[in-house]
Chemist: 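There's a structure below that I have some questions on.
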Amino acid sequence: MPDTAPKGMAMINAFDPTRATGLSAQERAMVERRQRLLGPAYRLFYEHPVHLVRGEGAWLFDAEGNRYLDCYNNVASLGHAHPHVVEAIARQAGRINTHTRYLHETVLDYAEALLATFPASLGHVMFTCTGSEANDLALRIARAHTGGEGIVVTSLAYHGVTASLAELSPSLGEGVPLGRHVTAVAPPDAYRGGPGMPARFAADIAAAFADLRRHGIRPCALLVDTMFTSDGVFPDPAGFLAQAAEAARSAGALFIADEVQPGFGRTGTMWGFQRHGVEPDIVTMGKPMGNGHPVAGLAIRPELLERFGGSVRYFNTFGGNPVSAAAGLAVLQVLRDERLPENAAAVGAHLLAGLAALAERHPIIGDVRGAGLSIGAEMVTDRATREPATAETARIVNALRERRVLISASGPGANILKIRPPLCLSREQADLFIGTLDEVLRVA
């Protein structure tokens, strides 16, 4: 399918400096300085990059003081610069922060509070700094437990940037080939797959593991983002993931739920897998875990750690340090006290209803789907053929940016609006997004 990124850039909604117009002298100087200092591998968003200097709640502010509605970032998932998290980080940093081979009560308090959000079967937690590290560690443990190497992912998945995770992340593009022990299956697209999708998705997983075994590769794990965010946001029907997990386990593999994007209340439940009535063998976490502070980790069935823990000592200098633990504990407190998962469910439903109303007026919207504040709106050139409206989607994303509303796109056709605001988004802010999108679609 077509790609809106410039040739070789392999990223949806990427800024192309060779085509840039309308940049101020300061912006052009910053772009040139960034290229000179950071090199060619980094990417910026939008035809006209945004120079952000401050955030508050669901608002971001640029260097000129202009306000933007953030409907994309799930790193500061509680809202930008949340005062409770900022205070917790500053307080702990003013006392002590060091490596993780000393006793520290806050680390244990955080581990207890975090495990309390999971099924009782997930009895251990291990800390890292990034979601990539968490997925890497999960795979090391899975290999030790199963004795296998074979991994199944979805065809546009993103799971991390380390060497071992990049080869499991097809969304990074053709320049990053899949590992020979990796098979990618089609995502669970109910829009195109219809009611038979859950059975086909499970059958594809079973067939992928069987093919790996035929090639002498023993199954190890099914690794999926439980909202399939990079594949195009596929939440429904609730429950279908249990069938997929059973297919993996029947093949002798573990089920690893990558909750780096769906987790911590985004779907209206604490964890994306909860919508499917399934208990993973391992859950990996990252991005929103510290509301911008780099903390990540995994929760795991204790019996899976026996072989790995008996032969390997695990150490991460900063993973689970006292400041990270304080940040993580503060995030859990805010989620509870401000009832943000409940807000995500309520405002997300309001946003979905608003998008459905827009679809009645704008035939380019072929499908609207989501759970909580993880939402996809699929743009098509024709509702009968469901042909991806790739170029049109790029124009929509950039037109929203010019009206100071930030989103991005997703999916193999780069035609799915990826709407992922902070969990504090209000109904009024949701209405602002809907009204601005309506305006863009009317002039598109």
Chemist: One thing to verify: whether Arg369 and Glu378 come together as a salt bridge, which I'm taking to mean a side-chain N less than 4.0 angstrom from a carboxylate O.
Modeler: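 Here Glu378 pairs with Arg369 in a salt bridge, since their nearest N and O are under 4.0 Å apart.
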Chemist: Hey, what's the ring geometry for Phe273 with Trp271, parallel, tilted or perpendicular (30° and 60° as the breaks)?
Modeler: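 Taking Trp271 first and then Phe273, their aromatic rings lie parallel (interplane angle under 30°).
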Chemist: Does any N or O in the side chain of Ser324 come within less than 3.5 Å of the main-chain N or O of Gly320, such that one atom is a donor and the other an acceptor?
Modeler: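 Answer holds: no.
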Chemist: Only one of Met285, Glu133, Met289 forms a side chain to side chain contact (heavy atoms under 4.5 Å, CB included) with Thr128, so which one is it?
Modeler: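 That would be Glu133.
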Chemist: More than 12 non-hydrogen atoms from neighbouring residues, nucleotides or ligands closer than 6.0 Å to CE on Met30, yes or no?
Modeler: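 Not more than 12 within 6.0 Å, no.
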Chemist: Looking only at atom types and distance, does a side-chain atom of Arg34 sit under 3.5 Å from a main-chain N or O of Arg43, one as donor and one as acceptor?
Modeler: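 Checked: pair present.
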Chemist: Which distance, rounded to the nearest 0.5 Å, do you find between the CZ of Phe255 and the CD of Glu279?
Modeler: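 It is 11.0 Å, given to the nearest 0.5 Å.
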Chemist: Assess whether a salt bridge exists between Arg218 and Glu149, defined as any Lys/Arg side-chain N lying under 4.0 Å from an Asp/Glu carboxylate O.
Modeler: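 Answer for the salt bridge query: no.
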Chemist: Is there a donor-acceptor pair under 3.5 Å between the side chain of Arg420 and the backbone N or O of Ser408?
Modeler: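 The answer is no, because no donor-acceptor pair under 3.5 Å joins these two groups.
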Chemist: What salt bridge (charged side-chain N to carboxylate O under 4.0 Å, His left out) pairs are there with at least one residue in residues 54-73, not counting sequence neighbours?
Modeler: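 Every salt bridge (charged side-chain N to carboxylate O under 4.0 Å, His left out) pair that includes a residue of residues 54-73, provided the two are not neighbours, is Arg54-Glu56.
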Chemist: Nearest 0.5 Å, please: how far is CG in Asp225 from OG1 in Thr284?
Modeler: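 Rounded to the nearest 0.5 Å, the OG1-CG separation comes to 9.0 Å.
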Chemist: Distance alone, cut at 3.5 Å: any donor-acceptor contact between the side chains of Ser171 and Ser169?
Modeler: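 No, no side-chain donor-acceptor pair sits under 3.5 Å.
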Chemist: Can you confirm whether or not the ring centre of Tyr191 sits under 6.0 Å from the ring centre of Phe234?
Modeler: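 Ring centres of Phe234 and Tyr191 not closer than 6.0 Å.
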Chemist: Apply salt bridge (Lys or Arg N to Asp or Glu O under 4.0 Å) to residues Arg361 and Asp438 and explain how you reach the verdict.
Modeler: CA-CA 9 Å; Arg361 301 195 296 274; Asp438 187 25; 3.2 Å; yes
Chemist: What I want to check is whether the side chains of His51 and Glu27 have a donor and an acceptor closer together than 3.5 Å.
Modeler: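 Side-chain D/A pair, His51 to Glu27: absent.
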Chemist: Does one side chain, of Arg266 or Asn74, offer a donor that lies under 3.5 Å from an acceptor on the other?
Modeler: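 Absent: no donor and acceptor within the cut-off.
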Chemist: Under 3.5 Å, is there a donor-acceptor pair between the Asp231 and Thr154 side chains?
Modeler: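 There is such a pair between these side chains.
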Chemist: Please name all residues satisfying side-chain contact (heavy atoms from CB on, under 4.5 Å) with Leu304, sequence neighbours left out, ordered by chain then number.
Modeler: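 Only His145, Leu254, Asp281, Ile282, Ile300, Arg301 meet the side-chain contact (heavy atoms from CB on, under 4.5 Å) criterion with Leu304.
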Chemist: Name the orientation class of the two ring planes belonging to Tyr110 and Phe127 (parallel below 30°, tilted from 30 to 60°, perpendicular beyond 60°).
Modeler: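 Judged by the thresholds at 30° and 60°, the geometry between Tyr110 and Phe127 is parallel.
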Chemist: Using only atom types and a distance under 3.5 Å, with no angle test, would you say the side chain of Thr117 pairs donor to acceptor with the backbone of Leu114?
Modeler: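 Yes; at least one donor-acceptor contact below 3.5 Å.
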Chemist: Would you check if there is a donor-acceptor pair between the side chains of Thr226 and His276 at a distance under 3.5 Å?
Modeler: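 No donor-acceptor contact under 3.5 Å links the two side chains.
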Chemist: Under a 4.0 Å N-O cut-off, is there an ion pair linking Arg192 with Asp367?
Modeler: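 Looking at Arg192 and Asp367, the cut-off is not met.
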Chemist: Within the supplied structure, the quantity of interest is the number of heavy atoms (other residues, nucleotides, ligands) at a distance under 6.0 Å from Glu47 CD; does it exceed 12?
Modeler: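 Not buried by this count: 12 neighbours or fewer within 6.0 Å.
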